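Written below as structure tokens is the structure these notes are about.
Note on naming: letters A, B, ... go to the chains in the order of the sequence lines (proteins, then strands), and numbering restarts at 1 for each one. Source: prediction; values computed, not measured.
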Protein chains: 2
Amino acid sequence: MTRPVRPLRADAARNRELLLAAAEDEFVERGVSASVADIARRAGVAKGTVFRHFATKEELIAAIVGGHLAALTAVARRLLDSADPGAALLEFLTVAADTRQQHDLTFLQTVSDGDSTVIEIRDQLYASIGALVDRARAAGAIRPDITGMDVVLLVCAPVHVAGNLPDPAPDLWRRYLAIIFDGLRPEGASPLPRPAPSWP
Amino acid sequence: MTRPVRPLRADAARNRELLLAAAEDEFVERGVSASVADIARRAGVAKGTVFRHFATKEELIAAIVGGHLAALTAVARRLLDSADPGAALLEFLTVAADTRQQHDLTFLQTVSDGDSTVIEIRDQLYASIGALVDRARAAGAIRPDITGMDVVLLVCAPVHVAGNLPDPAPDLWRRYLAIIFDGLRPEGASPLPRPAPSWP
DNA sequence: TAGCAAGTTGACCTGTGGGTCATTTTCTGG
DNA sequence: CCAGAAAATGACCCACAGGTCAACTTGCTA
């Protein structure tokens with residue numbers, strides 16, 4: 001899959017990391033419209049260097065998104081060993097919201113969702129979430145009509161909800177995660193109108 | 001407040017409406033980055049005309065957002081007369097999600113939230129929602145620790161959640177509205193971690 | 001340490017978007 | 001029906017963004 005490409009030269013590797021970090025900061029501050037020139041300046045590098053590492057701005061965005069998805073996947077896999085499946089699912093949602101709170105890159109998702117590498121990593125993440133949900137359901141921690149895809153879609157909701165406020169308290173999302181998770185619990189569940197969406 | 005400005009000439013009034021409609025369509029299709037030139041073309045009007053009606057692109061966006069907020073406010077006020085406060089709140093959330101589903105303009109909100117007219121309309125909407133929530137809480141239809149601001153923040157969540165899917169079924173949001181509304185119900189509610197946010 | 005491929009630089013190109021304005025067209029009150 | 005005000009037009013301006021490339025610099029390897 002990864003053909004034997006010789007490793008990056010030391011300075012190039014360093015610049016690549018600097019660029020990813022600078023780009024992430026810049027995107028958080030300015031949104032998708034952050035300019036490549038500004039990103040380069042922030043990384044202390046010329047604009048041409050950006051395009052040596054990432055052919056287009058979209059490719060740069062995909063690299064950032066891919067990194068985050070991979071990190072989340074690792075968290076989900078680790079939690080699959082947990083003794084309490086319900087707590088594990090809640091913990092995963094908490095960690096996911098927490099990282100997303102620190103730097104909201106949701107808006108980058110749309111740009112990068114055509115990238116094949118991103119799709120691959122994303123599918124692994126979805127599979128892990130699916131496993132977490134299956135275990136939680138089997139343990140009776142969530143209602144039977146909730147699927148993995150439901151949870152996938154709901155992951156970003158708490159942060160998004162809190163983000164509607166101009167200057168939200170840094171952990172306000174916990175309040176909305178609690179409300180939404182209560183909606184996933186079996187107690188007092190009302191029947192759901194539409195069937196869960198299938199795999200995308 | 002509104003000084004006696006003579007009414008628009010007939011053609012100008014017509015063009016204004018054409019522009020608002022065209023702009024809304026264009027924004028839905030292309031996002032915020034839809035260009036003024038394209039909007040003008042779609043309205044069958046020259047670019048200069050756009051700027052005669054709206055000094056800047058932001059002002060045009062504010063006009064669209066303001067219109068939608070006003071329509072929602074009217075819905076909320078009408079529902080305040082309903083006999084069943086719990087059903088009224090659910091109905092409001094349903095209507096809100098439904099209109100937002102038909103044309104998602106959430107991304108315009110950020111642009112327009114500095115506009116004084118928009119702020120005024122928005123505050124009226126928030127007040128109406130607050131009243132709906134108070135009535136529902138008093139009737140025991142939702143848990144006691146939910147505030148009006150909570151619901152304000154949660155309004156867009158169902159559509160947003162369904163929107164994470166590339167091509168969501170047109171009323172998938174109903175599923176997530178049901179889940180979230182279950183989280184608002186008193187049955188099986190777990191204590192909420194953070195206090196509700198105050199007025200913005 | 002020398003040679004060269006890999007990496008960097010920054011001036012430059014091109015497209016595009018918001019916004020302006022002198023000129024022309026159109027509406028309307030008298 | 002006409003005069004003048006209101007509105008529409010579209011060529012034009014400028015800023016800025018993504019992307020290119022020939023010339024230059026630097027890390028690596030033999």
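- Nearest-nucleotide positions on DNA chain C place A/V45 closer to the 5' end than the other of A/V45 and B/E58.
- A/N15 has a side-chain polar atom (N or O) that falls below the 4.0 Å cut-off from OP1 or OP2 of C/dT8.
- The separation between A/R52 atom CZ and D/dC24 atom P is 18 Å, rounded to whole Å.
- Between A/T147 and A/V133 the shortest side-chain heavy-atom distance does not fall below 4.5 Å.
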Candidate pair A/E59 and A/H53, rule side chain to side chain donor-acceptor pair (under 3.5 Å), full reasoning: CA-CA 9 Å; A/E59 201 173 304; A/H53 287 276; over 6 Å; no
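- For the pair A/F51 CZ and C/dC13 P, the interatomic distance rounds to 17 Å; values are reported in whole Å.
- Across the protein-nucleic acid pair, A/I39 atom CD1 and D/dG19 atom P stand 11 Å apart, rounded to whole Å.
- OP1 or OP2 of D/dA8 sits under 4.0 Å from a side-chain N or O of B/H53.
- For B/V36, the listed nucleotide lying nearest its side chain is C/dG18; candidates were D/dA8, C/dG18, D/dT9.
- For the pair B/R14 and A/V50, nearest-nucleotide mapping onto DNA chain C gives the more 5' position to A/V50.
- Spacing between atom CZ of B/R30 and atom C1' of C/dG17 amounts to 14 Å, rounded to whole angstrom units.
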Chi angles and distances behind the side-chain contact (heavy atoms from CB on, under 4.5 Å) call for A/V161, A/R175: CA-CA 10 Å; A/V161 168; A/R175 180 176 177 91; over 6 Å; no
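- With rounding to whole Å, B/F54 atom CZ is found 13 Å from D/dA7 atom P.
- The interatomic distance linking A/R41 (CZ) with C/dG10 (P) rounds to 12 Å, in whole Å.
- Here B/T49 lies in heavy-atom contact (under 4.0 Å) with a base.
- Within the 4.0 angstrom heavy-atom criterion, only backbone atoms of the sugar-phosphate kind lie near A/A34; the bases stay farther away.
- When the P atom of D/dG19 is taken as reference, atom CD1 of A/I61 falls 10 Å away, rounded to whole Å.
- One donor-acceptor pair, N or O on each side, does fall under 3.5 Å between the base of C/dG19 and the side chain of B/K47.
- At the heavy-atom level, A/T56 lies under 4.0 Å from the strands shown only through sugar-phosphate atoms.
- Nearest nucleotide to the A/D11 side chain, out of D/dA17, C/dG19, D/dT26: D/dT26.
- B/E59 has its CD atom 11 Å from the P atom of C/dT20, to the nearest Å.
- Taking side-chain N and O atoms only, A/R9 has no distance below 4.0 Å to OP1 or OP2 of D/dC28.
- More than 12 heavy atoms of other shown residues, nucleotides or ligands fall within 6.0 angstrom of atom CD in B/E187.
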Verdict with reasoning, B/D11 to B/R14, per salt bridge (charged side-chain N to carboxylate O under 4.0 Å, His left out): CA-CA 5 Å; B/D11 55 342; B/R14 205 193 60 237; over 6 Å; no
